[in-house]
Amino acid sequence: MAAIDIIKRRLKEERVPDAPDPDEVGEKKKRPREVAFMDVNLCFPCGKCPEFCPVQCIEYLRPGSLPGRGVQPVQDRFQECIGCYICVEVCALLTDYDAIRMYDSDLVEQALGVKIGDGKPESYVPAEPYEEYFSEGGLYRHLGKGSRIREKMNAEERKAMERERG
(Lines give C-alpha, C1' and ligand atoms only; values in the text may rest on other atoms or scores of the structure.)
Protein backbone atom coordinates (compact mmCIF):
# COMPACT_ATOMS: atom_id res chain seq x y z
CA MET A 1 0.00 0.00 0.00
CA ALA A 2 1.36 3.45 -0.93
CA ALA A 3 2.17 5.81 1.93
CA ILE A 4 -0.36 8.41 0.79
CA ASP A 5 -3.09 5.74 0.81
CA ILE A 6 -2.17 4.86 4.40
CA ILE A 7 -2.41 8.53 5.35
CA LYS A 8 -5.81 8.97 3.67
CA ARG A 9 -7.19 5.79 5.25
CA ARG A 10 -5.94 6.76 8.69
CA LEU A 11 -7.40 10.28 8.40
CA LYS A 12 -10.79 8.75 7.58
CA GLU A 13 -10.49 6.35 10.53
CA GLU A 14 -9.58 9.19 12.87
CA ARG A 15 -12.58 11.15 11.62
CA VAL A 16 -10.73 14.45 11.51
CA PRO A 17 -13.45 17.03 12.27
CA ASP A 18 -15.03 18.44 9.12
CA ALA A 19 -12.18 17.20 6.93
CA PRO A 20 -13.57 16.24 3.55
CA ASP A 21 -12.55 13.11 1.71
CA PRO A 22 -9.62 14.42 -0.35
CA ASP A 23 -10.45 12.07 -3.21
CA GLU A 24 -13.84 13.74 -3.59
CA VAL A 25 -12.76 17.38 -3.35
CA GLY A 26 -12.87 19.53 -6.45
CA GLU A 27 -12.75 22.85 -4.68
CA LYS A 28 -13.51 24.43 -1.33
CA LYS A 29 -17.22 24.29 -0.51
CA LYS A 30 -17.38 25.26 3.15
CA ARG A 31 -15.42 27.17 5.75
CA PRO A 32 -13.02 24.74 7.43
CA ARG A 33 -12.76 24.48 11.19
CA GLU A 34 -8.96 24.62 10.88
CA VAL A 35 -6.44 25.75 8.25
CA ALA A 36 -2.79 24.85 7.70
CA PHE A 37 0.31 26.99 8.05
CA MET A 38 3.89 25.93 7.40
CA ASP A 39 6.69 26.84 9.79
CA VAL A 40 8.88 28.47 7.15
CA ASN A 41 11.97 27.98 9.30
CA LEU A 42 11.46 24.22 9.54
CA CYS A 43 10.42 23.75 5.90
CA PHE A 44 13.14 22.31 3.73
CA PRO A 45 11.32 22.75 0.42
CA CYS A 46 11.02 19.13 -0.67
CA GLY A 47 7.81 19.61 -2.66
CA LYS A 48 5.86 16.77 -1.03
CA CYS A 49 2.99 18.75 0.50
CA PRO A 50 2.13 20.69 -2.71
CA GLU A 51 2.15 17.37 -4.57
CA PHE A 52 -0.51 15.87 -2.30
CA CYS A 53 -2.71 18.91 -1.57
CA PRO A 54 -6.15 18.04 -2.99
CA VAL A 55 -6.97 21.71 -3.75
CA GLN A 56 -3.46 22.74 -4.82
CA CYS A 57 -3.27 25.69 -2.41
CA ILE A 58 0.38 25.19 -1.37
CA GLU A 59 3.07 27.06 -3.26
CA TYR A 60 6.69 28.13 -2.97
CA LEU A 61 7.02 31.62 -1.55
CA ARG A 62 7.98 34.35 -4.00
CA PRO A 63 11.74 34.89 -4.42
CA GLY A 64 13.06 37.14 -1.65
CA SER A 65 10.13 36.50 0.70
CA LEU A 66 12.64 35.24 3.25
CA PRO A 67 15.92 37.07 2.62
CA GLY A 68 19.05 34.97 2.82
CA ARG A 69 17.36 31.80 1.61
CA GLY A 70 17.91 30.56 -1.91
CA VAL A 71 15.02 28.23 -2.62
CA GLN A 72 12.10 29.62 -0.69
CA PRO A 73 10.03 27.36 1.57
CA VAL A 74 6.39 26.62 0.87
CA GLN A 75 3.28 28.10 2.44
CA ASP A 76 -0.37 27.55 1.75
CA ARG A 77 -2.87 30.09 0.58
CA PHE A 78 -4.89 29.57 3.75
CA GLN A 79 -8.03 31.16 2.27
CA GLU A 80 -8.19 28.18 -0.10
CA CYS A 81 -7.32 25.50 2.50
CA ILE A 82 -10.04 22.91 3.16
CA GLY A 83 -8.60 21.64 6.46
CA CYS A 84 -8.05 18.06 5.30
CA TYR A 85 -4.80 17.50 7.31
CA ILE A 86 -3.05 15.72 4.42
CA CYS A 87 -0.18 18.23 4.28
CA VAL A 88 0.37 17.86 8.03
CA GLU A 89 0.62 14.10 7.79
CA VAL A 90 2.71 14.09 4.61
CA CYS A 91 5.22 16.46 6.21
CA ALA A 92 5.38 14.49 9.45
CA LEU A 93 5.33 10.99 8.00
CA LEU A 94 6.97 11.21 4.57
CA THR A 95 9.67 13.78 5.35
CA ASP A 96 10.16 13.93 9.13
CA TYR A 97 10.35 17.77 8.90
CA ASP A 98 7.09 18.09 10.83
CA ALA A 99 6.84 21.73 9.71
CA ILE A 100 3.07 22.02 9.26
CA ARG A 101 0.40 22.68 11.87
CA MET A 102 -3.34 23.21 11.75
CA TYR A 103 -4.79 26.30 13.43
CA ASP A 104 -8.34 27.10 14.46
CA SER A 105 -9.96 29.28 11.77
CA ASP A 106 -11.38 31.69 14.37
CA LEU A 107 -7.87 32.22 15.78
CA VAL A 108 -6.44 32.87 12.30
CA GLU A 109 -9.20 35.35 11.51
CA GLN A 110 -8.57 37.23 14.75
CA ALA A 111 -4.76 37.14 14.46
CA LEU A 112 -4.59 38.21 10.82
CA GLY A 113 -7.68 40.43 10.72
CA VAL A 114 -9.26 38.46 7.88
CA LYS A 115 -12.38 36.43 7.17
CA ILE A 116 -12.05 32.83 6.01
CA GLY A 117 -14.86 32.11 3.60
CA ASP A 118 -16.65 29.01 2.43
CA GLY A 119 -15.19 29.14 -1.07
CA LYS A 120 -12.06 30.01 -2.97
CA PRO A 121 -11.33 33.77 -3.03
CA GLU A 122 -12.42 35.52 -6.22
CA SER A 123 -8.88 36.62 -7.02
CA TYR A 124 -5.52 34.97 -6.42
CA VAL A 125 -3.83 35.93 -3.15
CA PRO A 126 -0.19 34.75 -3.01
CA ALA A 127 1.10 32.86 0.01
CA GLU A 128 3.01 34.84 2.64
CA PRO A 129 5.55 33.56 5.20
CA TYR A 130 3.60 34.47 8.39
CA GLU A 131 6.84 33.70 10.22
CA GLU A 132 6.03 35.91 13.22
CA TYR A 133 2.76 34.02 13.79
CA PHE A 134 3.20 30.35 12.87
CA SER A 135 6.95 29.55 12.97
CA GLU A 136 9.05 28.48 15.97
CA GLY A 137 8.95 31.33 18.48
CA GLY A 138 5.96 32.88 16.72
CA LEU A 139 2.90 34.12 18.58
CA TYR A 140 0.68 31.11 17.79
CA ARG A 141 2.98 28.20 16.95
CA HIS A 142 2.24 26.54 20.31
CA LEU A 143 -1.47 26.42 19.44
CA GLY A 144 -1.03 24.46 16.22
CA LYS A 145 -1.96 20.80 15.89
CA GLY A 146 0.49 18.39 14.26
CA SER A 147 0.26 14.79 13.11
CA ARG A 148 -2.70 12.84 14.44
CA ILE A 149 -1.68 9.46 13.14
CA ARG A 150 2.09 9.10 13.67
CA GLU A 151 1.76 7.46 17.09
CA LYS A 152 -1.14 5.22 16.02
CA MET A 153 0.54 3.58 13.05
CA ASN A 154 1.20 -0.12 13.12
CA ALA A 155 4.55 -1.73 12.22
CA GLU A 156 3.53 -2.48 8.63
CA GLU A 157 2.47 1.12 8.03
CA ARG A 158 5.70 2.44 9.56
CA LYS A 159 7.73 0.24 7.20
CA ALA A 160 5.76 1.55 4.21
CA MET A 161 6.50 5.12 5.30
CA GLU A 162 10.20 4.32 5.72
CA ARG A 163 10.35 2.77 2.24
CA GLU A 164 8.73 5.84 0.70
CA ARG A 165 11.14 8.18 2.51
CA GLY A 166 14.03 6.15 1.16
Side-chain angles (χ1 to χ4, degrees), residues 3-4 6-8 10-11 14 16-19 22 28 31-117 120-121 124-153 158 161-166:
I4 192 64
I6 293 169
I7 291 170
K8 287 179 182 179
R10 282 291 188 158
L11 284 170
E14 294 298 316
V16 173
D18 293 340
K28 185 176 177 181
R31 179 183 181 270
R33 185 176 291 175
E34 299 171 303
V35 292
F37 282 94
M38 290 66 184
D39 181 328
V40 296
N41 295 320
L42 294 179
C43 175
F44 180 80
C46 68
K48 291 259 191 252
C49 58
E51 179 183 342
F52 292 111
C53 177
V55 292
Q56 300 300 294
C57 71
I58 302 171
E59 66 187 19
Y60 289 90
L61 293 171
R62 294 180 306 253
S65 293
L66 292 171
R69 290 196 58 181
V71 176
Q72 296 290 301
V74 299
Q75 185 62 269
D76 73 322
R77 296 184 303 276
F78 71 91
Q79 293 283 18
E80 297 175 40
C81 179
I82 59 171
C84 71
Y85 266 83
I86 286 181
C87 60
V88 173
E89 301 300 347
V90 162
C91 189
L93 300 171
L94 296 187
T95 71
D96 260 348
Y97 300 136
D98 204 16
I100 306 174
R101 296 282 182 275
M102 297 297 286
Y103 296 87
D104 182 86
S105 292
D106 293 334
L107 169 80
V108 172
E109 288 179 337
Q110 182 182 358
L112 301 181
V114 298
K115 269 297 202 201
I116 296 174
K120 188 175 178 178
Y124 167 77
V125 178
E128 297 292 335
Y130 300 108
E131 185 177 17
E132 67 277 17
Y133 297 104
F134 306 111
S135 290
E136 288 285 328
L139 293 172
Y140 304 107
R141 171 72 179 182
H142 66 288
L143 298 174
K145 296 178 190 161
S147 174
R148 292 180 172 212
I149 59 180
R150 175 184 280 173
E151 301 304 317
K152 297 175 182 168
M153 294 174 65
R158 282 194 181 93
M161 294 295 163
E162 289 296 321
R163 279 194 304 272
E164 200 128 331
R165 264 200 306 246

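Here the structure is a predicted model, which means the values were calculated and not measured.
Contacts of Gln79 classified as side chain to side chain contact (heavy atoms under 4.5 Å, CB included), with partners at least two apart in sequence or in another chain: Val114, Ile116, Pro121. Residues passing the side-chain hydrogen bond (donor to acceptor under 3.5 Å, both in side chains) test with Glu59, sequence neighbours excluded: Arg77, Tyr124. For Ser105, there are no side-chain hydrogen bond (donor to acceptor under 3.5 Å, both in side chains) partners at least two apart in sequence or on another chain. With sequence neighbours left out, Arg62 forms a salt bridge (charged side-chain N to carboxylate O under 4.0 Å, His left out) with Glu128. In this view, Arg158 and Met153 satisfy the side chain to side chain contact (heavy atoms under 4.5 Å, CB included) rule, not counting sequence neighbours.
Between the side chain of Glu89 and the backbone N or O of Arg148, at least one donor-acceptor pair lies under 3.5 Å.
Scanning all heavy atoms of the two residues, the minimum distance from Glu80 to Cys57 falls at CB-CB, 3.6 Å. Shortest non-hydrogen contact noted between Val88 and Gly146 is CG1-C, 3.5 Å. Residues Leu66 and Gln72 come closest through the heavy atom pair N-OE1, 2.8 Å. The minimum heavy-atom distance linking Cys81 with Asp76 is given by the pair CB-OD2, 3.6 Å.
Ring pair Tyr130/Tyr133 is tilted by interplanar angle, where 30° to 60° counts as tilted.
Between Tyr140 and Tyr103, the distance separating the two ring centers is not shorter than 6.0 angstrom.
Contact annotation: the side chain of Ile7 approaches that of Val90 to within less than 4.5 Å [non-hydrogen atoms, C-beta and beyond].
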Result block: side-chain N/O donor-acceptor pairs under 3.5 angstrom for residues 37-56, not counting sequence neighbours:
| residue | atom | partner | partner atom | Å |
| --- | --- | --- | --- | --- |
| Asp39 | OD1 | Asn41 | N | 2.9 |
| Asp39 | OD1 | Leu42 | N | 3.3 |
| Asp39 | OD1 | Ser135 | OG | 3.1 |
| Asp39 | OD2 | Glu136 | N | 2.7 |
| Asn41 | ND2 | Glu131 | OE2 | 2.9 |
| Gln56 | NE2 | Pro50 | O | 3.4 |
| Gln56 | NE2 | Cys53 | O | 2.5 |

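Considering CD1 of Ile6 and CG of Leu94, their distance stands at 9.0 Å, rounded to 0.5 Å. Put simply, CD1 on Ile86 and CG on Leu93 are 12.0 Å apart, with the number rounded to the nearest 0.5 Å.
If you run side-chain contact (heavy atoms from CB on, under 4.5 Å) between Arg101 and each of Arg141, Glu34, His142, only Arg141 comes through.
For Glu109, the CD atom counts as densely surrounded, since its 6.0 Å shell holds more than 12 non-hydrogen atoms of other residues, nucleotides or ligands.
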Q: Report the C-alpha separation of Ile149 and Tyr85 in whole Å, then their side-chain angles, then the decisive distance to 0.1 Å, and conclude whether the side-chain contact (heavy atoms from CB on, under 4.5 Å) test is met.
A: CA-CA 10 Å; Ile149 59 180; Tyr85 266 83; over 6 Å; no
